[in-house]
2 protein chains.
Amino acid sequence: MLESIILGMVSDNDFTGYDIKKLIENGIGVFYKASYGSLYPALKRLTDKGCLTTYEKPQGGRKKIFYHITEEGQKQFFDWLVSPTDITEGTNTHLAKIYFFDNLSPEIREQQLLEYEINNRNYLRKLNDLENKYNKMENKECFYYKLSTLYYGICITQKTIQWCQHIRMQKPLSDLIQDKKS
Amino acid sequence: MLESIILGMVSDNDFTGYDIKKLIENGIGVFYKASYGSLYPALKRLTDKGCLTTYEKPQGGRKKIFYHITEEGQKQFFDWLVSPTDITEGTNTHLAKIYFFDNLSPEIREQQLLEYEINNRNYLRKLNDLENKYNKMENKECFYYKLSTLYYGICITQKTIQWCQHIRMQKPLSDLIQDKKS
DNA sequence: ACCGACATGTAAACGGTTACATGATTTT
DNA sequence: AAAATCATGTAACCGTTTACATGTCGGT
(Lines give C-alpha, C1' and ligand atoms only; values in the text may rest on other atoms or scores of the structure.)
Protein backbone atom coordinates (compact mmCIF):
# COMPACT_ATOMS: atom_id res chain seq x y z
CA MET A 1 0.00 0.00 0.00
CA LEU A 2 2.56 2.54 1.16
CA GLU A 3 4.79 1.52 -1.73
CA SER A 4 2.05 2.27 -4.25
CA ILE A 5 1.38 5.63 -2.64
CA ILE A 6 5.05 6.52 -2.79
CA LEU A 7 5.16 5.61 -6.47
CA GLY A 8 2.14 7.83 -7.02
CA MET A 9 3.77 10.74 -5.26
CA VAL A 10 6.96 10.57 -7.30
CA SER A 11 5.23 9.63 -10.55
CA ASP A 12 5.55 13.12 -12.02
CA ASN A 13 8.29 14.70 -9.93
CA ASP A 14 11.41 13.72 -8.01
CA PHE A 15 11.16 14.15 -4.27
CA THR A 16 13.07 13.45 -1.08
CA GLY A 17 11.77 11.13 1.63
CA TYR A 18 10.95 14.13 3.75
CA ASP A 19 8.99 15.71 0.88
CA ILE A 20 7.02 12.51 0.36
CA LYS A 21 6.07 12.41 4.02
CA LYS A 22 4.70 15.95 3.68
CA LEU A 23 2.90 15.14 0.45
CA ILE A 24 1.19 12.18 2.07
CA GLU A 25 0.19 14.27 5.10
CA ASN A 26 -1.24 17.10 3.04
CA GLY A 27 -2.65 14.98 0.27
CA ILE A 28 -4.21 11.85 1.71
CA GLY A 29 -3.61 12.51 5.40
CA VAL A 30 -7.38 12.39 5.74
CA PHE A 31 -7.44 8.65 5.27
CA TYR A 32 -3.83 7.45 5.35
CA LYS A 33 -0.85 7.94 7.62
CA ALA A 34 2.80 7.03 7.19
CA SER A 35 5.66 7.36 9.67
CA TYR A 36 9.34 7.68 8.82
CA GLY A 37 9.81 4.24 10.30
CA SER A 38 7.69 2.81 7.51
CA LEU A 39 8.50 5.35 4.82
CA TYR A 40 12.29 5.05 4.60
CA PRO A 41 12.32 1.25 4.61
CA ALA A 42 9.63 1.33 1.89
CA LEU A 43 11.79 3.68 -0.20
CA LYS A 44 14.69 1.27 0.23
CA ARG A 45 12.58 -1.71 -0.82
CA LEU A 46 11.34 0.16 -3.91
CA THR A 47 14.91 1.10 -4.84
CA ASP A 48 16.11 -2.50 -4.40
CA LYS A 49 13.22 -3.67 -6.59
CA GLY A 50 14.25 -1.26 -9.35
CA CYS A 51 11.12 0.89 -9.09
CA LEU A 52 13.09 3.93 -7.97
CA THR A 53 16.55 5.37 -8.54
CA THR A 54 18.22 7.83 -6.19
CA TYR A 55 20.60 10.74 -6.50
CA GLU A 56 22.07 13.10 -3.97
CA LYS A 57 21.81 16.84 -4.37
CA PRO A 58 22.99 18.44 -1.12
CA GLN A 59 21.66 21.90 -0.43
CA GLY A 60 24.16 23.74 1.72
CA GLY A 61 25.43 21.30 4.29
CA ARG A 62 22.06 19.59 4.25
CA LYS A 63 22.01 16.09 2.89
CA LYS A 64 19.25 15.54 0.38
CA ILE A 65 18.40 12.32 -1.41
CA PHE A 66 15.98 12.53 -4.29
CA TYR A 67 13.94 9.60 -5.53
CA HIS A 68 13.15 9.21 -9.20
CA ILE A 69 10.65 6.72 -10.63
CA THR A 70 11.80 4.17 -13.21
CA GLU A 71 9.74 2.72 -16.04
CA GLU A 72 9.25 -0.41 -13.96
CA GLY A 73 8.00 1.81 -11.15
CA GLN A 74 5.56 3.59 -13.47
CA LYS A 75 4.30 0.24 -14.65
CA GLN A 76 3.73 -1.05 -11.15
CA PHE A 77 2.01 2.17 -10.14
CA PHE A 78 -0.32 1.93 -13.10
CA ASP A 79 -1.04 -1.73 -12.37
CA TRP A 80 -2.04 -0.78 -8.84
CA LEU A 81 -4.25 2.06 -10.08
CA VAL A 82 -6.31 -0.26 -12.24
CA SER A 83 -6.24 -3.28 -9.90
CA PRO A 84 -9.59 -4.36 -8.44
CA THR A 85 -10.41 -2.53 -5.23
CA ASP A 86 -11.85 -4.22 -2.19
CA ILE A 87 -14.10 -1.58 -0.69
CA THR A 88 -14.48 -3.53 2.54
CA GLU A 89 -10.80 -3.23 3.39
CA GLY A 90 -9.70 -0.54 5.78
CA THR A 91 -10.61 -0.04 9.41
CA ASN A 92 -12.66 2.35 11.47
CA THR A 93 -11.78 1.71 15.07
CA HIS A 94 -13.90 4.49 16.53
CA LEU A 95 -17.00 2.85 15.06
CA ALA A 96 -15.98 -0.45 16.57
CA LYS A 97 -16.01 1.35 19.88
CA ILE A 98 -19.50 2.80 19.45
CA TYR A 99 -20.71 -0.69 18.61
CA PHE A 100 -20.27 -1.51 22.29
CA PHE A 101 -21.92 1.63 23.66
CA ASP A 102 -25.04 -0.27 24.74
CA ASN A 103 -22.83 -1.45 27.62
CA LEU A 104 -22.32 2.10 28.89
CA SER A 105 -24.51 4.01 31.35
CA PRO A 106 -26.61 6.72 29.61
CA GLU A 107 -24.63 9.56 31.24
CA ILE A 108 -21.19 8.33 30.25
CA ARG A 109 -22.44 7.33 26.82
CA GLU A 110 -23.91 10.79 26.24
CA GLN A 111 -20.60 12.35 27.23
CA GLN A 112 -18.57 10.04 24.97
CA LEU A 113 -20.82 10.62 21.98
CA LEU A 114 -20.74 14.36 22.50
CA GLU A 115 -16.96 14.26 22.60
CA TYR A 116 -16.93 12.22 19.42
CA GLU A 117 -19.24 14.73 17.76
CA ILE A 118 -17.03 17.64 18.83
CA ASN A 119 -13.94 15.89 17.49
CA ASN A 120 -15.70 15.51 14.17
CA ARG A 121 -16.74 19.16 14.16
CA ASN A 122 -13.17 20.27 14.80
CA TYR A 123 -11.98 17.96 12.08
CA LEU A 124 -14.59 19.33 9.67
CA ARG A 125 -13.33 22.83 10.38
CA LYS A 126 -9.80 21.77 9.44
CA LEU A 127 -11.04 20.20 6.22
CA ASN A 128 -13.01 23.33 5.36
CA ASP A 129 -9.90 25.44 5.92
CA LEU A 130 -8.01 23.17 3.55
CA GLU A 131 -10.81 23.49 1.01
CA ASN A 132 -10.66 27.28 1.16
CA LYS A 133 -6.92 27.16 0.67
CA TYR A 134 -7.17 24.95 -2.39
CA ASN A 135 -10.07 26.93 -3.81
CA LYS A 136 -7.82 29.95 -4.21
CA MET A 137 -5.49 28.00 -6.45
CA GLU A 138 -5.55 28.11 -10.21
CA ASN A 139 -5.84 25.34 -12.81
CA LYS A 140 -7.87 23.20 -10.46
CA GLU A 141 -8.90 21.02 -13.36
CA CYS A 142 -5.40 19.48 -13.26
CA PHE A 143 -6.08 17.88 -9.89
CA TYR A 144 -9.82 17.42 -9.86
CA TYR A 145 -9.53 13.91 -8.47
CA LYS A 146 -6.96 14.87 -5.89
CA LEU A 147 -9.39 17.50 -4.66
CA SER A 148 -12.33 15.12 -4.91
CA THR A 149 -10.99 13.06 -2.02
CA LEU A 150 -10.89 16.16 0.17
CA TYR A 151 -14.52 16.82 -0.68
CA TYR A 152 -15.28 13.22 0.12
CA GLY A 153 -13.77 13.77 3.56
CA ILE A 154 -15.95 16.83 4.09
CA CYS A 155 -19.13 15.06 2.96
CA ILE A 156 -18.51 12.05 5.13
CA THR A 157 -17.60 14.10 8.18
CA GLN A 158 -20.80 16.12 7.77
CA LYS A 159 -22.77 12.89 7.59
CA THR A 160 -20.94 11.53 10.61
CA ILE A 161 -21.90 14.59 12.65
CA GLN A 162 -25.54 14.22 11.62
CA TRP A 163 -25.43 10.56 12.56
CA CYS A 164 -23.91 11.46 15.91
CA GLN A 165 -26.66 13.94 16.72
CA HIS A 166 -29.21 11.40 15.69
CA ILE A 167 -27.99 8.54 17.85
CA ARG A 168 -27.25 10.77 20.83
CA MET A 169 -30.97 11.50 20.96
CA GLN A 170 -31.78 7.87 20.17
CA LYS A 171 -34.07 8.86 17.36
CA PRO A 172 -35.38 5.99 15.22
CA LEU A 173 -32.49 4.60 13.20
CA SER A 174 -34.55 4.08 10.07
CA ASP A 175 -34.93 7.87 9.78
CA LEU A 176 -31.23 8.01 8.96
CA ILE A 177 -31.65 6.32 5.63
CA GLN A 178 -32.48 8.27 2.54
CA ASP A 179 -35.42 7.31 0.44
CA LYS A 180 -34.35 4.87 -2.23
CA LYS A 181 -36.93 6.24 -4.68
CA SER A 182 -35.20 9.61 -4.91
CA MET B 1 -7.56 -2.99 19.11
CA LEU B 2 -8.47 -6.61 18.46
CA GLU B 3 -7.96 -7.35 22.14
CA SER B 4 -10.49 -4.67 23.12
CA ILE B 5 -12.98 -5.98 20.60
CA ILE B 6 -12.61 -9.51 21.94
CA LEU B 7 -13.22 -8.25 25.47
CA GLY B 8 -16.33 -6.49 24.21
CA MET B 9 -17.62 -9.62 22.56
CA VAL B 10 -17.22 -11.79 25.65
CA SER B 11 -18.24 -9.05 28.10
CA ASP B 12 -21.71 -10.49 28.63
CA ASN B 13 -21.35 -14.07 27.46
CA ASP B 14 -18.75 -16.83 27.24
CA PHE B 15 -17.76 -17.77 23.71
CA THR B 16 -15.30 -19.93 21.82
CA GLY B 17 -12.66 -18.47 19.51
CA TYR B 18 -14.68 -19.62 16.56
CA ASP B 19 -17.80 -17.91 17.92
CA ILE B 20 -15.90 -14.67 18.43
CA LYS B 21 -14.69 -14.72 14.85
CA LYS B 22 -18.31 -15.01 13.70
CA LEU B 23 -19.46 -12.29 16.08
CA ILE B 24 -16.85 -9.92 14.71
CA GLU B 25 -17.79 -10.75 11.11
CA ASN B 26 -21.50 -10.26 11.65
CA GLY B 27 -21.22 -7.38 14.07
CA ILE B 28 -18.48 -5.05 13.00
CA GLY B 29 -17.37 -6.77 9.81
CA VAL B 30 -18.38 -3.57 8.06
CA PHE B 31 -15.36 -1.74 9.39
CA TYR B 32 -13.14 -4.33 11.05
CA LYS B 33 -11.71 -7.71 10.07
CA ALA B 34 -9.92 -10.37 12.09
CA SER B 35 -8.31 -13.60 10.94
CA TYR B 36 -7.70 -16.69 13.06
CA GLY B 37 -4.01 -15.95 12.79
CA SER B 38 -4.55 -12.80 14.79
CA LEU B 39 -7.52 -13.93 16.86
CA TYR B 40 -6.11 -17.00 18.59
CA PRO B 41 -2.82 -15.33 19.55
CA ALA B 42 -4.82 -12.36 20.88
CA LEU B 43 -6.94 -14.72 23.00
CA LYS B 44 -3.76 -16.27 24.35
CA ARG B 45 -2.29 -12.84 25.21
CA LEU B 46 -5.50 -11.84 26.99
CA THR B 47 -5.51 -15.09 28.97
CA ASP B 48 -1.85 -14.62 29.95
CA LYS B 49 -2.63 -11.06 31.05
CA GLY B 50 -5.44 -12.30 33.29
CA CYS B 51 -8.22 -10.64 31.30
CA LEU B 52 -9.76 -13.96 30.32
CA THR B 53 -10.08 -17.44 31.82
CA THR B 54 -10.75 -20.56 29.78
CA TYR B 55 -12.59 -23.80 30.27
CA GLU B 56 -13.19 -26.75 28.00
CA LYS B 57 -16.64 -28.08 27.30
CA PRO B 58 -16.40 -30.62 24.49
CA GLN B 59 -19.53 -31.17 22.46
CA GLY B 60 -19.49 -34.67 21.10
CA GLY B 61 -15.97 -35.40 19.95
CA ARG B 62 -15.57 -31.74 19.08
CA LYS B 63 -13.12 -29.80 21.19
CA LYS B 64 -14.52 -26.52 22.45
CA ILE B 65 -12.72 -23.93 24.51
CA PHE B 66 -14.80 -21.19 26.05
CA TYR B 67 -13.41 -17.83 27.09
CA HIS B 68 -14.76 -16.02 30.12
CA ILE B 69 -13.99 -12.42 31.02
CA THR B 70 -12.43 -11.62 34.41
CA GLU B 71 -12.95 -8.49 36.46
CA GLU B 72 -9.61 -7.20 35.22
CA GLY B 73 -10.84 -7.83 31.68
CA GLN B 74 -14.07 -5.93 32.33
CA LYS B 75 -12.06 -3.05 33.74
CA GLN B 76 -9.78 -2.90 30.72
CA PHE B 77 -12.70 -3.08 28.33
CA PHE B 78 -14.42 -0.22 30.12
CA ASP B 79 -11.21 1.84 30.13
CA TRP B 80 -10.99 1.37 26.38
CA LEU B 81 -14.63 2.33 25.88
CA VAL B 82 -14.16 5.68 27.58
CA SER B 83 -10.63 6.36 26.30
CA PRO B 84 -10.23 9.36 23.98
CA THR B 85 -10.82 8.45 20.35
CA ASP B 86 -8.66 9.67 17.53
CA ILE B 87 -11.08 10.07 14.66
CA THR B 88 -8.25 10.43 12.15
CA GLU B 89 -7.00 6.91 12.77
CA GLY B 90 -8.03 4.16 10.40
CA THR B 91 -7.34 3.81 6.71
CA ASN B 92 -9.24 3.98 3.48
CA THR B 93 -6.99 2.61 0.80
CA HIS B 94 -9.49 2.83 -2.04
CA LEU B 95 -9.68 6.59 -1.55
CA ALA B 96 -5.91 6.80 -1.64
CA LYS B 97 -6.19 5.20 -5.05
CA ILE B 98 -8.73 7.67 -6.40
CA TYR B 99 -6.45 10.47 -5.24
CA PHE B 100 -4.16 9.50 -8.12
CA PHE B 101 -6.87 9.20 -10.77
CA ASP B 102 -5.80 12.45 -12.46
CA ASN B 103 -2.95 10.32 -13.85
CA LEU B 104 -5.36 8.01 -15.67
CA SER B 105 -6.76 8.45 -19.17
CA PRO B 106 -10.44 9.48 -19.15
CA GLU B 107 -11.60 6.13 -20.55
CA ILE B 108 -9.81 3.95 -18.03
CA ARG B 109 -10.70 6.33 -15.22
CA GLU B 110 -14.38 6.22 -16.15
CA GLN B 111 -14.25 2.45 -16.12
CA GLN B 112 -12.50 2.29 -12.76
CA LEU B 113 -14.90 4.72 -11.14
CA LEU B 114 -17.89 2.88 -12.51
CA GLU B 115 -16.53 -0.34 -11.09
CA TYR B 116 -16.00 1.33 -7.76
CA GLU B 117 -19.56 2.61 -7.81
CA ILE B 118 -20.93 -0.83 -8.64
CA ASN B 119 -18.94 -2.37 -5.80
CA ASN B 120 -20.48 0.16 -3.46
CA ARG B 121 -23.96 -0.56 -4.78
CA ASN B 122 -23.49 -4.29 -4.21
CA TYR B 123 -22.19 -3.60 -0.78
CA LEU B 124 -25.16 -1.36 0.00
CA ARG B 125 -27.48 -4.16 -1.02
CA LYS B 126 -25.78 -6.48 1.45
CA LEU B 127 -26.09 -3.91 4.21
CA ASN B 128 -29.77 -3.38 3.42
CA ASP B 129 -30.35 -7.13 3.59
CA LEU B 130 -28.71 -7.15 7.00
CA GLU B 131 -30.88 -4.26 8.08
CA ASN B 132 -34.04 -6.09 7.05
CA LYS B 133 -32.89 -9.13 8.97
CA TYR B 134 -32.26 -7.16 12.16
CA ASN B 135 -35.48 -5.19 11.76
CA LYS B 136 -37.50 -8.36 12.23
CA MET B 137 -35.93 -8.93 15.63
CA GLU B 138 -37.54 -7.97 18.90
CA ASN B 139 -36.27 -5.83 21.78
CA LYS B 140 -34.19 -3.73 19.45
CA GLU B 141 -33.77 -1.13 22.18
CA CYS B 142 -31.26 -3.49 23.82
CA PHE B 143 -28.79 -3.07 20.99
CA TYR B 144 -29.61 0.35 19.60
CA TYR B 145 -25.94 1.29 19.38
CA LYS B 146 -24.91 -2.01 17.86
CA LEU B 147 -27.50 -1.38 15.15
CA SER B 148 -26.49 2.27 14.82
CA THR B 149 -23.15 1.27 13.32
CA LEU B 150 -24.92 -0.73 10.64
CA TYR B 151 -27.01 2.33 9.81
CA TYR B 152 -23.85 4.37 9.71
CA GLY B 153 -22.48 1.96 7.14
CA ILE B 154 -25.62 2.33 5.04
CA CYS B 155 -25.58 6.15 5.23
CA ILE B 156 -21.94 6.38 4.32
CA THR B 157 -22.21 3.93 1.46
CA GLN B 158 -25.15 5.90 0.05
CA LYS B 159 -23.09 9.07 0.25
CA THR B 160 -20.15 7.32 -1.35
CA ILE B 161 -22.31 6.27 -4.30
CA GLN B 162 -23.57 9.84 -4.72
CA TRP B 163 -20.02 11.12 -4.59
CA CYS B 164 -18.99 8.57 -7.19
CA GLN B 165 -21.70 9.62 -9.61
CA HIS B 166 -20.75 13.21 -9.05
CA ILE B 167 -17.04 12.87 -9.75
CA ARG B 168 -17.57 10.49 -12.65
CA MET B 169 -19.35 13.33 -14.42
CA GLN B 170 -16.79 15.82 -13.13
CA LYS B 171 -19.49 18.08 -11.76
CA PRO B 172 -18.29 21.01 -9.67
CA LEU B 173 -16.92 19.66 -6.41
CA SER B 174 -18.37 22.46 -4.31
CA ASP B 175 -21.87 21.19 -5.17
CA LEU B 176 -21.10 18.15 -3.03
CA ILE B 177 -21.06 20.12 0.18
CA GLN B 178 -24.24 20.76 2.08
CA ASP B 179 -25.16 24.26 3.02
CA LYS B 180 -23.79 25.06 6.47
CA LYS B 181 -26.78 27.30 7.24
CA SER B 182 -29.25 24.44 7.19
C1' DA C 1 21.65 30.83 22.42
C1' DC C 2 17.73 28.42 21.47
C1' DC C 3 13.77 26.64 19.08
C1' DG C 4 11.30 24.77 15.41
C1' DA C 5 11.43 22.95 11.01
C1' DC C 6 14.39 20.38 7.81
C1' DA C 7 16.46 15.85 6.83
C1' DT C 8 17.75 10.81 7.18
C1' DG C 9 17.78 6.92 9.21
C1' DT C 10 17.80 2.43 12.71
C1' DA C 11 16.17 -1.24 16.00
C1' DA C 12 13.04 -3.60 18.92
C1' DA C 13 8.65 -4.89 19.72
C1' DC C 14 4.43 -5.83 18.08
C1' DG C 15 0.70 -7.52 15.48
C1' DG C 16 -1.42 -8.93 11.29
C1' DT C 17 -1.84 -11.84 6.89
C1' DT C 18 -1.42 -15.99 4.59
C1' DA C 19 -0.92 -20.56 4.24
C1' DC C 20 -0.67 -24.74 6.34
C1' DA C 21 -2.14 -28.72 9.43
C1' DT C 22 -5.56 -31.50 11.62
C1' DG C 23 -9.75 -33.57 12.63
C1' DA C 24 -15.07 -33.82 13.74
C1' DT C 25 -19.80 -33.09 12.35
C1' DT C 26 -23.57 -31.81 9.38
C1' DT C 27 -25.63 -31.21 4.98
C1' DT C 28 -26.34 -32.44 0.18
C1' DA D 1 -19.43 -40.12 -0.63
C1' DA D 2 -18.29 -35.59 -0.91
C1' DA D 3 -18.54 -30.92 0.43
C1' DA D 4 -19.33 -27.42 3.62
C1' DT D 5 -18.94 -25.92 8.08
C1' DC D 6 -17.35 -26.42 12.74
C1' DA D 7 -13.20 -25.94 15.52
C1' DT D 8 -8.35 -24.99 17.04
C1' DG D 9 -4.16 -23.81 16.21
C1' DT D 10 1.04 -22.78 14.25
C1' DA D 11 4.84 -20.62 11.56
C1' DA D 12 6.96 -17.74 8.25
C1' DC D 13 6.79 -13.49 6.45
C1' DC D 14 5.87 -8.80 6.30
C1' DG D 15 5.06 -4.16 7.51
C1' DT D 16 4.04 -0.70 11.10
C1' DT D 17 4.66 1.82 15.32
C1' DT D 18 7.47 3.90 18.63
C1' DA D 19 11.43 5.56 20.27
C1' DC D 20 15.87 6.70 19.54
C1' DA D 21 20.07 8.91 17.19
C1' DT D 22 22.23 12.46 14.55
C1' DG D 23 22.97 16.74 12.43
C1' DT D 24 21.70 21.38 9.57
C1' DC D 25 19.50 25.72 8.87
C1' DG D 26 16.67 29.95 9.60
C1' DG D 27 14.43 33.01 12.59
C1' DT D 28 14.03 35.49 17.26
Subject >> Tyr36(A) six-ring face occupied by Lys21(A) cation (under 6.0 Å, within 45°) >> reply: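 Verdict for Tyr36(A): a cation-pi partner in Lys21(A).
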Nearest whole Å is fine: how far is [N] [atom2] from [X] [atom1]?
X	N	atom1	atom2	answer
Glu89(B)	dG15(C)	CD	P	15 Å
Lys44(A)	dC14(D)	NZ	C1'	15 Å
Lys64(A)	dA7(C)	NZ	C1'	9 Å
Asp86(A)	dT18(C)	CG	P	10 Å
Leu46(A)	dG15(D)	CG	C1'	13 Å
Ile65(B)	dT10(D)	CD1	P	10 Å
Tyr18(B)	dT26(C)	OH	C1'	12 Å
Lys22(B)	dA4(D)	NZ	C1'	11 Å

With a 4.0 Å cutoff (strictly under), does any side-chain N or O of [X] reach OP1 or OP2 of [N]?
X	N	answer
Thr16(A)	dT8(C)	yes
Ser38(B)	dT17(C)	yes
Arg45(B)	dC14(C)	no
Ser35(A)	dT17(D)	yes

Please pick, from [options], the nucleotide with the shortest atom-to-atom distance to any side-chain atom of [X].
X	options	result
Tyr67(A)	dA24(C), dG9(C), dG9(D)	dG9(C)
Lys63(B)	dT8(C), dG16(C), dT8(D)	dT8(D)
Tyr32(B)	dG16(C), dC6(C), dT10(C)	dG16(C)

**OP:** Check the side chains of Lys33(B) and Thr88(A) for a donor-acceptor pair under 3.5 angstrom, ignoring hydrogens and angles.
**Re:**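 Thr88(A) vs Lys33(B): no donor-acceptor pair found between side chains.
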Original post:
Taking atom types as modelled and ignoring hydrogens, do the side chains of Asn103(A) and Ser11(B) form a donor-acceptor contact shorter than 3.5 angstrom?
Top reply: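 Yes, side-chain donor-acceptor contact under 3.5 Å.
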**OP:** Please tell me which of Tyr40(B) and Leu2(A) maps to the more 5' nucleotide of DNA chain D, matching each residue to the nucleotide holding its nearest heavy atom.
**Re:**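 Looking at DNA chain D, the more 5' nearest nucleotide goes with Tyr40(B).
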Original post:
Which residue, Tyr36(A) or Gln59(A), contacts DNA chain D at a nucleotide closer to its 5' end, judged by nearest heavy atom?
Top reply: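 Result of the comparison: Tyr36(A).
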When we call it a touch if two heavy atoms are under 4.0 Å apart, what does [X] touch: a base, just sugar-phosphate, or nothing?
X	answer
Lys21(A)	nothing
Phe66(B)	nothing
Gly37(B)	base

**OP:** Give a yes or no on whether the ring-centroid distance for Phe77(A) and Phe100(B) is below 6.0 angstrom.
**Re:**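 Between Phe100(B) and Phe77(A), which both carry aromatic rings, the centre distance is below 6.0 Å.
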Original post:
What pairs with Lys171(A) under side chain to side chain contact (heavy atoms under 4.5 Å, CB included), at least two apart in sequence or on another chain?
Top reply: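 For Lys171(A), the residues satisfying side chain to side chain contact (heavy atoms under 4.5 Å, CB included) (neighbours in sequence not counted) are His166(A), Met169(A).
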